[in-house]
Participant: 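If you scroll down you'll find the structure; I have some questions about it.
Predicted, not measured: the structure shown is a model, and the values here were computed from it.
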Amino acid sequence: MKLGRKILSALAATTLFVAGAAVAQDWQPDGDIKLQIGFGAGGSTDVMGRVLAQTIEEQTGWNVIAENKTGGGGMAMFTVISKMPANNNIIGLGVNMPVMINLVKRPDEVPFNLDSFDYVGTLSRAQLALIARADAPFDNLAEMVAYSKANDGVAVGFGAAPQKLLMEVVNKQDDAGFRFVSTEGEAETQKLLLGGQILAGYSAGTHVPYLESGDFKMIAVGNNARHDYAPDTQTFVEQGYNAYVDPYWFLAMTAGTDPAAVKAIAAAVDAAVNSDAVAEIVANAASSTPLNLGSDGTKKMLVEGLDNVRVLFAD
């Protein structure tokens, strides 16, 4: 990086920190801030949440405590937060997909809706890719569908339900005949790809070194926008399938929280998300980069995401 760019980057980071600190000085928490994490200890959400909490504490001087509140992919945590009296001290960190899927599949059973929260921002977005071995006999979804039809189906690995739902959209639209293999995650998916037990599968970033080595190639981007590291690979939408999966880590508080508290906490989160420490942990834990949509952008992402999830479940 050139010296001028380094100086500009340093100035930008300083500006973000000062802006966050200035807002924080206008409001101070009455006691500890608790960052509740909707997943168990040791997972990617947990380690990112703990670094986020530590960074906010270091930058603001607040006492920020990270604690795990597991159950239902974050649903248990968000249920409790939605039902508690509005307060200025409890923030929930979870993933959007379990929330949106439950709101679409069983809205009458979920004790909250998107208006049950005040939104603080996002931490990052998982960059989901459909990948195949480099010598696979197809390079895009159209070719993959054609090959599947001609060969009694293509075995596709998936590590999470939304990934399978996205492929089912292709199955329903084109009668592709894909066969599905459930895996324990990206490592197992990649092992099965390299061994030839499956011909395609999903990854959220750990495949990038395999792209660089020439072992894998990307067939499609699962998100709503292309990935920076693979600008030529089209999304499912661009390839003719009106569906996507955009997994975001997001932060929310009980609806009715003091607007001054929400503003100050959102500013503190933004400053932390733009720090080197959070960038490093997001890269290591999620193979992604920090991305904060802000309070309004987070709500907009969830509202629009509900419409997309309905597409995933359409008959």
Participant: What I want to check is whether the side chains of Asn224 and Asp246 have a donor and an acceptor closer together than 3.5 Å.
Facilitator: no
Participant: Count I, L, V, M, F, W, Y as connected when their side-chain heavy atoms are under 4.5 Å apart, and connections chain through other members. Are Leu166 and Val99 then in the same cluster?
Facilitator: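 Same hydrophobic cluster.
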Participant: Determine, for Asp175 against Lys149, whether the closest basic-nitrogen to carboxylate-oxygen distance falls under 4.0 angstrom.
Facilitator: no
Participant: On a heavy-atom basis, which atom in Gly157 and which in Thr183 lie closest, and how many Å separate them?
Facilitator: CA-CG2, 4.3 Å
Participant: Side chains of Phe112 and Met75, heavy atoms from C-beta outward: is any pair under 4.5 Å?
Facilitator: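 SC-SC contact between Phe112 and Met75 confirmed.
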Participant: With no hydrogens and no angle check, is any side-chain donor or acceptor of Glu188 less than 3.5 Å from a backbone partner on Ser182?
Facilitator: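 Between the backbone of Ser182 and the side chain of Glu188 there is no qualifying donor-acceptor contact (under 3.5 Å).
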Participant: Hey, what do you get for OG1 (Thr254) to CG (Asp118), rounding to the nearest 0.5 Å?
Facilitator: 8.0 Å
Participant: Mind checking the CD1-CD1 spacing from Ile33 to Ile90? Nearest 0.5 Å is all I need.
Facilitator: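 With rounding to 0.5 Å, CD1 (Ile33) is 9.5 Å from CD1 (Ile90).
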Participant: Output yes when Arg310 and Asp307 qualify as a salt bridge under the 4.0 Å nitrogen-oxygen rule, no when they do not.
Facilitator: yes
Participant: Heavy atoms only: give me the nearest Pro290-Ala279 pair and the separation to one decimal.
Facilitator: CG-CA, 3.5 Å
Participant: Contact between Val154 and Arg179 at the side-chain level, heavy atoms closer than 4.5 Å - yes or no?
Facilitator: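 No, their side chains stay 4.5 Å or more apart.
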Participant: What distance separates Leu123 CG from Leu251 CG, expressed to the nearest 0.5 Å?
Facilitator: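 Rounded to the nearest 0.5 Å, the CG-CG separation comes to 6.5 Å.
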Participant: Around atom CD of Gln173, are there more than 12 heavy atoms of other residues, nucleotides or ligands at under 6.0 Å?
Facilitator: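 Count over threshold, so yes.
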Participant: Would the distance check show the side chain of Ser213 and the main-chain N or O of Tyr210 forming a donor-acceptor pair, the cut-off being under 3.5 Å?
Facilitator: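 Answer holds: yes.
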Participant: Once you round to the nearest 0.5 Å, how far does CD of Glu67 lie from CE of Met77?
Facilitator: 10.5 Å
Participant: Go through the side-chain N and O atoms of Gln59 and Ser275 and say whether any donor and acceptor fall under 3.5 Å apart.
Facilitator: no
Participant: Gln234 vs Gln239, test: side-chain hydrogen bond (donor to acceptor under 3.5 Å, both in side chains). Steps then yes/no.
Facilitator: CA-CA 7 Å; Gln234 294 183 325; Gln239 295 189 53; 4.6 Å; no
Participant: Which pair of heavy atoms, one from Ile281 and one from Val47, lies closest together, and at what distance?
Facilitator: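 Taking every non-hydrogen atom into account, CG1-O, 3.9 Å.
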Participant: Go through the steps to decide whether Lys34 and Ile91 satisfy the test side chain to side chain contact (heavy atoms under 4.5 Å, CB included), and finish with yes or no.
Facilitator: CA-CA 6 Å; Lys34 293 184 179 180; Ile91 312 163; over 6 Å; no
Participant: Is there a continuous path of hydrophobic side-chain contacts, each under 4.5 Å between heavy atoms, that joins Val303 to Val245?
Facilitator: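 Linked, Val303 and Val245 end up in one cluster.
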Participant: Are the charged groups of Glu168 and Lys172 less than 4.0 angstrom apart, N to O?
Facilitator: no
Participant: Taking the side chain as every heavy atom from C-beta outward, state whether Met144 and Val156 have any pair of such atoms under 4.5 Å apart.
Facilitator: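 Yes, close enough: below the 4.5 Å cut-off.
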Participant: For the backbone of Pro111 and the side chain of Lys83, can you confirm whether one donor and one acceptor N or O come within less than 3.5 Å of each other?
Facilitator: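 Between the backbone of Pro111 and the side chain of Lys83 there is a qualifying donor-acceptor contact (under 3.5 Å).
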Participant: Any carboxylate oxygen within less than 4.0 angstrom of a Lys/Arg side-chain nitrogen, looking at Arg133 and Asp215?
Facilitator: no
Participant: Working to the nearest 0.5 angstrom, can you tell me the gap between Lys105 NZ and Phe313 CZ?
Facilitator: 5.0 Å
Participant: Check each of Arg50, Glu58, Glu57 against Gln54 using the side-chain hydrogen bond (donor to acceptor under 3.5 Å, both in side chains) test, and report the only one that passes.
Facilitator: Glu58
Participant: Would Ile198 and Thr189 satisfy side chain to side chain contact (heavy atoms under 4.5 Å, CB included), going step by step from the backbone distance to the final call?
Facilitator: CA-CA 8 Å; Ile198 60 176; Thr189 296; 4.1 Å; yes
Participant: Heavy atoms, side chains only, cut-off 4.5 Å: are Asn308 and Tyr244 in contact?
Facilitator: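 Yes - at least one pair of side-chain heavy atoms lies under 4.5 Å apart.
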Participant: Would you call the rings of His227 and Tyr229 parallel, tilted or perpendicular if under 30° counts as parallel and over 60° as perpendicular?
Facilitator: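 Rings of His227 and Tyr229: tilted, 30 to 60°.
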Participant: I'd like to check Val221 versus Glu238 (side-chain heavy atoms, cut-off strictly below 4.5 Å). Are they in contact?
Facilitator: no
Participant: Using a cut-off of 6.0 Å, state whether more than 12 heavy atoms not belonging to Asp276 lie near its atom CG.
Facilitator: no
Participant: Are any side-chain N or O atoms of Asn68 and backbone N or O atoms of Phe39, one a donor and one an acceptor, separated by less than 3.5 Å?
Facilitator: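 Judged by distance alone, yes, a pair lies under 3.5 Å.
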Participant: For residues Leu306 and Leu114, report the shortest heavy-atom separation together with the two atoms involved.
Facilitator: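 So the minimum-distance heavy-atom pair works out to CD1-CD1, 3.5 Å.
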Participant: Would the distance check show the side chain of Ser82 and the main-chain N or O of Ser116 forming a donor-acceptor pair, the cut-off being under 3.5 Å?
Facilitator: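 A pair under 3.5 Å: no.
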Participant: Determine the minimum heavy-atom distance between Thr289 and Ser124, stating which atoms define it.
Facilitator: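 Smallest interatomic distance, heavy atoms only, reads O-OG, 2.8 Å.
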Participant: Considering the options Asn102, Val104, Leu103, which one meets the side chain to side chain contact (heavy atoms under 4.5 Å, CB included) requirement together with Arg106?
Facilitator: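 It is Asn102; the other options fail the test.
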Participant: Evaluate Asn89 against Asp30 for side-chain hydrogen bond (donor to acceptor under 3.5 Å, both in side chains), listing each step before the verdict.
Facilitator: CA-CA 8 Å; Asn89 299 81; Asp30 180 15; over 6 Å; no
Participant: Do the two ring centres, one from Phe78 and one from Phe250, sit under 6.0 Å apart?
Facilitator: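 They qualify: ring centres under 6.0 Å apart.
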Participant: Counting only N and O atoms by type, is there a donor-acceptor contact under 3.5 Å from the side chain of Asp174 to the main-chain atoms of Val170?
Facilitator: no
Participant: Is it true that Thr45 and Trp249 share a donor-acceptor pair across their side chains at a distance under 3.5 Å?
Facilitator: yes
Participant: Taking the side chain as every heavy atom from C-beta outward, state whether Met253 and Val120 have any pair of such atoms under 4.5 Å apart.
Facilitator: yes
Participant: For the hydrophobic clusters of this structure (ILVMFWY residues joined by side-chain heavy atoms under 4.5 Å, transitively), does one cluster hold both Val309 and Val237?
Facilitator: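 As far as the 4.5 Å side-chain criterion goes, Val237 and Val309 are not connected within one cluster.
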Participant: For a 4.5 angstrom cut-off between non-hydrogen side-chain atoms, does Pro231 reach Arg226?
Facilitator: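 Pro231 does not reach Arg226 side chain to side chain.
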Participant: Taking the side chain as every heavy atom from C-beta outward, state whether Leu293 and Tyr248 have any atom pair closer than 4.5 Å.
Facilitator: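 Counting from C-beta outward, Leu293 and Tyr248 do come under 4.5 Å.
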Participant: Which atom pair, heavy atoms only, marks the closest approach of Asn223 to Ala126?
Facilitator: ND2-O, 2.9 Å
Participant: Would you please test Trp27 and Lys263 for side chain to side chain contact (heavy atoms under 4.5 Å, CB included) and show each step?
Facilitator: CA-CA 9 Å; Trp27 175 87; Lys263 183 178 180 181; over 6 Å; no
Participant: Between Ile81 and Gln36, does the side chain to side chain contact (heavy atoms under 4.5 Å, CB included) criterion hold? Intermediate values first, please.
Facilitator: CA-CA 9 Å; Ile81 290 176; Gln36 297 187 346; 3.8 Å; yes
Participant: Asn63 side chain to Asp32 main-chain N or O, any donor-acceptor pair under 3.5 Å?
Facilitator: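 Pair absent, no side-chain N/O of Asn63 close to backbone of Asp32.
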Participant: If we ignore hydrogens and angles and just use 3.5 Å, is the side chain of Lys217 paired with the main-chain N or O of Ala136 as donor and acceptor?
Facilitator: yes
Participant: Are Leu192 and Leu211 grouped together when hydrophobic residues (ILVMFWY) are joined by side-chain heavy atoms under 4.5 angstrom apart?
Facilitator: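 Leu192 clusters together with Leu211.
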Participant: Say whether Leu141 and Leu199 are linked into one hydrophobic cluster, either directly or through other cluster members, by side-chain heavy-atom distances under 4.5 angstrom.
Facilitator: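 Shared cluster, yes.
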Participant: Once rounded to the nearest 0.5 Å, what's the spacing between atom CE of Met301 and atom CG of Asp296?
Facilitator: 12.5 Å
